[in-house]
Amino acid sequence: MIKTMDAPDDGVFDVVVIGAGAAGLNAALLLGRARRKVAVVDAGEPRNAPAAHMHGFLSRDGSDPTALLELGRAEVARYGVRLIRGRVDQIDHGYQVRMVGGPVLAARRVLVATGLRDELPDIPGVRERWGKDLLHCPYCHAYEVRDQPLAVLGVHPNAVHQALLLRGWSDDVVFFAHTLALTAQDRERLEARGLRIVEGEVKQLVADDDRLRGVELADGRVVPRAAAFLFPRMVARDELLTGLGCARDDGGWVTTDRTGRTSVAGVWAAGNVVDPRAQVVTAAGMGSAAAFAINTDLLDEDVDRAVEQHRAMVAGGGR
Ligand SMILES: Cc1cc2nc3c(=O)[nH]c(=O)nc-3n(C[C@H](O)[C@H](O)[C@H](O)COP(=O)(O)OP(=O)(O)OC[C@H]3O[C@@H](n4cnc5c(N)ncnc54)[C@H](O)[C@@H]3O)c2cc1C
């Protein structure tokens, strides 16, 4: 366990990173190695915490997601990055990073890597099974339940695509229509791919000995299933960015350029906070790209300042 440090009282950080998931930590790693003065503030709630295993990250496939972040914290600490446990509730232009009930950190640049929140439907059993045998991303977890009886819960318009995708891992996929109004085209596509559609509202997920047993419908039927998938409503934790006035797209997501630069000068964003599709490896890559760009931006400022001082010195006859 890495001991987090007390908040510093020693001046301005080159960069304050908010969020120590894969995106924030990978950025901090590069910035620390670039010998920048960096603080990372983290509330300790990474999105994939409910899952026991992380997949799809080269050389880390199947590892414990918590252990990955623990390793990451140890790596950044080696380069002098200060790790601060806490929650940021506001960033003032300039930049003053305000922590809840705590100190204010002054920063030259800010990287927001606060991830997103998965809003789950209010169906009994859903919260308890989430990340265990109630899953979301086929690329992350479907291989582990391949060839088993699978369920897809119709709680989101993307559920149909999710079910069609899952068919690649099992030939026994049941689509529970629940409250989703399926179009004739949806039905045709699902049936054409050999998925079974079960009508009726889902009452609850049924589990025994901490393992999913089936999906119970409002009429009392229980359809045995070994694992279920649902597409949650993904809500960006982007209040810090929107509070600064960062531009958003039509879907409400904060926009960035390819390096993670937002529309507000000096403010970058990386990972799920700006891209719901980002997996762990993608989020880490986005953090890395942002770190390059932030360091270059700082360098430009450092050089401009040095040139100004140099010119003043030359004009003053070298005194
Ligand atoms: C159940 C589940 C399983 C998954 N499995 C996989 C998998 O196997 N493979 C894979 O590639 N992806 C998986 N994912 C997706 C994965 O979780 C994300 O890709 C990844 O977490 C994104 O990293 P991030 O750094 O953007 O955000 P996060 O990992 O969510 O980190 C954000 C951090 O910011 C902190 N934070 C938020 N707000 C504040 C604030 N105001 N102040 C301070 N700190 C704050 C949070 O507490 C958190 O620690 C899974 C997702 C879920 C839900």
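In listed order, ligands and their atoms are each counted from 1.
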**Request:** Heavy atoms only: give me the nearest Pro121-Val126 pair and the separation to one decimal.
**Result:** O-CG1, 3.9 Å

**Complete:** Residue set satisfying side-chain contact (heavy atoms from CB on, under 4.5 Å) with Gln185, at least two apart, ordered chain then number -> Thr183, Arg189

**Asked** Does the pair Thr259 and Asp257 meet the rule for a side-chain hydrogen bond (donor to acceptor under 3.5 Å, both in side chains), with working shown?
**Response** CA-CA 5 Å; Thr259 72; Asp257 70 7; 2.7 Å; yes

**Message:** Any nitrogen or oxygen of Val88, side chain or backbone, less than 3.5 Å from one on ligand 1?
**Reply:** yes

**Request:** Report yes or no: do Val202 and Leu180 belong to one cluster of Ile/Leu/Val/Met/Phe/Trp/Tyr joined by side chain heavy-atom distances under 4.5 Å?
**Result:** no

**Asked** Can you check whether Ala278 has an N/O within less than 3.5 Å of an N/O in ligand 1?
**Response** yes

**Prompt:** So which bit of Ile18 gets within less than 4.0 Å of ligand 1, heavy atoms only: side chain, backbone, both or neither?
**Reply:** side chain

**Complete:** atom 31 (O) of ligand 1: closest protein heavy atom, distance to 0.1 Å, is Gly21 CA, 3.5 Å

**Asked** Nearest to atom 21 (O) of ligand 1, what protein heavy atom do you find, and at what distance?
**Response** Arg47 CB, 3.8 Å

**Item:** Protein contact to atom 23 (O) of ligand 1 [nearest heavy atom, distance to 0.1 Å]
**Value:** Ala283 CB, 3.6 Å

**Asked** Mind checking whether Val152 and Val173 have side chains closer than 4.5 Å, heavy atoms only?
**Response** yes

**Message:** Which label fits His55 and His141: parallel for a plane angle under 30°, tilted from 30 to 60°, or perpendicular past 60°?
**Reply:** perpendicular

**Prompt:** Under a 4.0 Å heavy-atom limit, does Pro65 contact ligand 1 with its side chain, its backbone, both, or neither?
**Reply:** neither

**Request:** Tell me which protein heavy atom sits closest to atom 32 (C) of ligand 1, plus the residue, atom name and distance to 0.1 Å.
**Result:** Ala113 O, 3.5 Å

**Asked** Is the shortest distance from a heavy atom of Gly56 to ligand 1 less than 4.0 Å?
**Response** no

**ligand 1 to Ala23 polar contact by distance, N or O atoms, under 3.5 Å** = yes

**atom 37 (C) of ligand 1: nearest protein contact (heavy atom, Å)** = Thr114 O, 3.3 Å

**Message:** Can you report which non-hydrogen protein atom sits closest to atom 16 (C) of ligand 1, along with the distance?
**Reply:** Val280 CG2, 3.9 Å

**Asked** At the 4.0 Å heavy-atom cut-off, does Ala284 count as touching ligand 1?
**Response** no

**Prompt:** Where is the nearest protein heavy atom to atom 9 (N) of ligand 1: which residue, which atom, and how far?
**Reply:** His55 O, 2.8 Å

**Asked** Arg196: what forms a side-chain contact (heavy atoms from CB on, under 4.5 Å) with it, not counting sequence neighbours?
**Response** Val174, Val198, Val223, Arg225

**Message:** Pairs of nitrogen or oxygen atoms closer than 3.5 Å, one from Arg237 and one from ligand 1: do any exist?
**Reply:** no

**Complete:** min-distance protein heavy atom vs atom 5 (N) of ligand 1 -> His141 NE2, 2.9 Å

**Item:** Approximate separation, where rounding is to 0.5 Å, of Arg109 CZ and Arg261 CZ
**Value:** 8.5 Å

**Asp118, portion touching ligand 1 at heavy-atom distance under 4.0 Å** = side chain

**Message:** Are more than 12 heavy atoms, taken from residues, nucleotides or ligands other than Glu188, located less than 6.0 Å from that residue's CD atom?
**Reply:** no

**Message:** Let's go through Arg193 and Asp186 carefully: what are the C-alpha distance in whole Å and the side-chain angles of both, what is the deciding distance for salt bridge (charged side-chain N to carboxylate O under 4.0 Å, His left out) to 0.1 Å, and is it a yes or a no?
**Reply:** CA-CA 11 Å; Arg193 285 284 284 162; Asp186 290 336; over 6 Å; no

**Fill in**
Restricting to heavy atoms, the pick from Asp275, Asp42, Asn48, Asn272 nearest atom 50 (C) of ligand 1 would be Asn48

**Prompt:** If you measure from each heavy atom of His136 to ligand 1, is any distance below 4.0 Å?
**Reply:** no

**Fill in**
What one should report as the nearest heavy-atom pair of Phe175 and Ala163 is CD1-CB, 3.6 Å

